Protein chains: 2
Amino acid sequence: MGTDTDKTGAAEELAATAAREASAPAVDVGPLAGMVGYVLRRAQLAVFDDVITKFAALDLRPAQYSVLVLLRHTPGLKQSDVAAALGIQRANFVVLFDGLERRGLARRSAAPNDRRSYALYLTEEGEKVLARANVLQAAHEASLDAKLGPSGREQLLGLLGRLAKRD
Amino acid sequence: MGTDTDKTGAAEELAATAAREASAPAVDVGPLAGMVGYVLRRAQLAVFDDVITKFAALDLRPAQYSVLVLLRHTPGLKQSDVAAALGIQRANFVVLFDGLERRGLARRSAAPNDRRSYALYLTEEGEKVLARANVLQAAHEASLDAKLGPSGREQLLGLLGRLAKRD
DNA sequence: TATTGTTATACTCTATAACTATA
DNA sequence: TATAGTTATAGAGTATAACAATA
């Protein structure tokens, strides 16, 4: 984007963007706008887009971040516990955790009473990366708060929590 | 599940389920429970699980349903319009729409003023399938309302709408 | 030059079956 | 028998580059 001579100034780029948005009046999605599933999906994609962009510098995906957060909060969990808590298939979690371990962010430790399983922990490096990610996450959350307002955030978490309940 | 002699009665199955849930107290996800992105993602997955299950009888995916709804609301849109409105890449929309056309649910019609593009329409069969899907969708939405309460639904749509805005 | 539809391709995420070693 | 971890694999969904036809 603008890597060469860059004859177009910032003002012209803004004008171009405005024109593009004005000339493309965004087709009305009709009844979809009133369907929770559709609106929920679009919102989730928009939020993840921002998180993924912010985490890109750390080469961290949202799912990887959630594992780091969970292990920081509850060290020593076994793979099945973490996978189940995060809604990840055990089989897929193996590969995900392999990536974290290969990068030295987390480790598998022999479990005390059960030779089938591992106790999972963050490494010191993992703690560092998590700390940096938490800063980005806080900024992300702040930008959401700007859109939601102070009470909106708590309202939203409450409503979404009801939807996530499996029953 | 209980395909053979089935010595276990319904009461015992219920007890087993209760025990399973009691013995697996669902690991606390800690700080994740307060992060909008995480809660949003889990809610979206739960909601989609229900929709996908309900639509399975029609062999319809959420994205396919959204195309039918949009074409019913605004017939004659071209592929780029529909794809952009739904946040689907043009290239991927081609394949998606091929599936609908192959099943006779929608059709590509020659566009009046532009020989590059098609005007898209539902077929009569598509209208029928959409009508059946709308019944299932209404039931789905009703089950969400039961979880959200009457005002919760509108609150949620409003809050999610703010998150989906790209700026 | 820009847009529309298209093909091909690759990458991520997810789901399932099957295996091993332990319990 | 059941559970924990693992491997392999297949299916969605998504993103990008490149091309032909048309504007």
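Treat the numbers as computed from the prediction; the structure is a model and nothing was measured. Just so we're on the same page: letters track the sequence lines, and every chain starts at 1.
The separation between B:Asn113 atom CG and D:dA21 atom P is 22 Å, rounded to whole Å. Between B:Tyr65 atom OH and D:dG13 atom C1' there is a gap of 21 Å when expressed in whole angstrom units. Here D:dA12 presents its C1' atom at 17 Å from CZ of B:Phe55, a figure rounded to the nearest Å. In this structure, the CZ atom of B:Phe48 is 13 Å from the P atom of C:dA15, given to the nearest Å. Rounded to whole Å, atom C1' of C:dC13 lies 11 Å from atom CD1 of A:Ile52. Rounded to an integer number of Å, the gap from CG of A:Asp49 to P of C:dT12 is 16 Å.
Judged by distance alone, with hydrogens and angles left aside, the side-chain atoms of A:Glu141 form a donor-acceptor pair with the main-chain N or O of B:Val36 at under 3.5 Å. For A:Gln155 (side chain) and B:Gln155 (main-chain N/O), no donor-acceptor pair under 3.5 Å exists by modelled atom type. Listed for the A:Thr74 side chain is no donor-acceptor partner under 3.5 Å among the backbone atoms of A:Leu71. Judged by distance alone, the side chain of B:Arg42 and the main-chain N or O of A:Leu86 form a donor-acceptor pair under 3.5 Å.
Looking at heavy atoms from C-beta onward, A:Phe55 lies out of side-chain contact with A:His140 at the 4.5 angstrom threshold. A:Leu40 places a side-chain heavy atom less than 4.5 Å from the side chain of A:Leu160. A 4.5 Å side-chain heavy-atom check between B:Leu60 and B:Leu68 finds at least one atom pair inside the cut-off. Contact of the B:Gln64 side chain with the B:Arg103 side chain is registered, since non-hydrogen atoms from C-beta on lie closer than 4.5 Å.
When each of A:Arg108 and B:Ala63 is assigned the nucleotide of DNA chain D bearing its nearest heavy atom, the one mapping closer to the 5' terminus is A:Arg108.
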Would you give me the side-chain donor-acceptor pairs under 3.5 Å for residues 120-134 of chain A, sequence neighbours excluded?
unit_1: A:Thr123; atom_1: OG1; unit_2: A:Gly104; atom_2: O; d: 2.4
unit_1: A:Thr123; atom_1: OG1; unit_2: A:Leu105; atom_2: O; d: 3.2
unit_1: A:Thr123; atom_1: OG1; unit_2: A:Glu125; atom_2: N; d: 3.4
unit_1: A:Thr123; atom_1: OG1; unit_2: A:Gly126; atom_2: N; d: 2.9
unit_1: A:Glu127; atom_1: OE1; unit_2: A:Arg72; atom_2: NH1; d: 2.3
unit_1: A:Asn134; atom_1: OD1; unit_2: A:Tyr65; atom_2: OH; d: 2.6
unit_1: A:Asn134; atom_1: ND2; unit_2: A:Leu130; atom_2: O; d: 3.4

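Look at A:Arg116 and you won't find any side-chain N or O under 4.0 angstrom from OP1 or OP2 of C:dT20. At least one side-chain nitrogen or oxygen of B:Arg61 sits closer than 4.0 Å to the OP1 or OP2 atom of D:dG13.
Looking at residues 29-41 of chain B, you'll see B:Arg41 sit with a heavy atom under 4.0 Å from some atom of DNA chain C. Near DNA chain C, meaning a heavy atom under 4.0 Å away, the residues from residues 75-89 of chain B are B:Lys78, B:Gln79, B:Ser80. Contacts of residues 92-106 of chain A with DNA chain C (heavy atom under 4.0 Å): A:Asn92.
For B:Arg90, taking side-chain heavy atoms from C-beta onward, the closest of the listed nucleotides C:dT4, D:dT6, C:dT22 is C:dT4.
By the side chain to side chain donor-acceptor pair (under 3.5 Å) test, B:Glu101 pairs with B:Arg108, sequence neighbours left out.
Counting only residues at least two apart or in different chains, side chain to side chain donor-acceptor pair (under 3.5 Å) contacts with residues 53-63 of chain B comprise B:Asp50-B:Lys54.
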